[in-house]
Amino acid sequence: VEMLDGVPCCEVSRSFEAPALADAITRCLSSECSREAVRNAFLAKGLTAEATSGKLARVYEGLVGELVGEHRALAS
């Protein structure tokens with residue numbers, strides 16, 4: 001969440017529900033901002049493409065791991 005704080009056209013959804021995700025995506029895509037504004041906001045935070053992609057990958061890996069664990073628990 002902190003990574004995207006103050007970055008234009010970015011939003012974090014706390015929901016996994018399709019309607020909530022669709023609303024967040026719609027808001028982001030309909031926002032008026034440039035790629036440069038988004039890039040500059042990340043760079044101002046010291047987040048290069050490499051650092052950002054690495055952090056996002058770790059977040060997604062953690063979420064996938066949690067979902068797999070929940071799925072296994074339900075299957076048992």
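All heavy atoms count here, side chains included; hydrogens, waters and symmetry mates do not. Keep in mind that what you see is a predicted model, and the values were worked out from it rather than measured.
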* Structure fact -> Lys45 and Glu2 have their tightest heavy-atom pair at NZ-O, 3.4 Å
* side chain to side chain donor-acceptor pair (under 3.5 Å) against Arg27, all qualifying residues, sequence neighbours excluded -> Glu11
Which pairs of donor and acceptor atoms, one on a side chain in residues 32-44, lie under 3.5 Å apart (sequence neighbours left out)?
residue: Ser34; atom: OG; partner: Ala37; partner atom: N; Å: 3.1
residue: Asn40; atom: ND2; partner: Glu36; partner atom: O; Å: 3.1

* Structure fact -> So OG of Ser53 and CG of Leu47: to nearest 0.5 Å the spacing works out to 10.5 Å
Output a table of donor-acceptor pairs, distance under 3.5 Å, between side-chain atoms of residues 54-68 and any protein atom two or more places apart or on a different chain; print 'none' if there are none.
residue: Arg58; atom: NH1; partner: Gly54; partner atom: O; Å: 3.2

* When rounded to the nearest 0.5 angstrom, what distance separates OG in Ser30 from CD1 in Ile25? -> 11.5 Å
* **Where Ser15 and Leu21 come nearest, the two heavy atoms and their spacing** => O-CD2, 3.3 Å
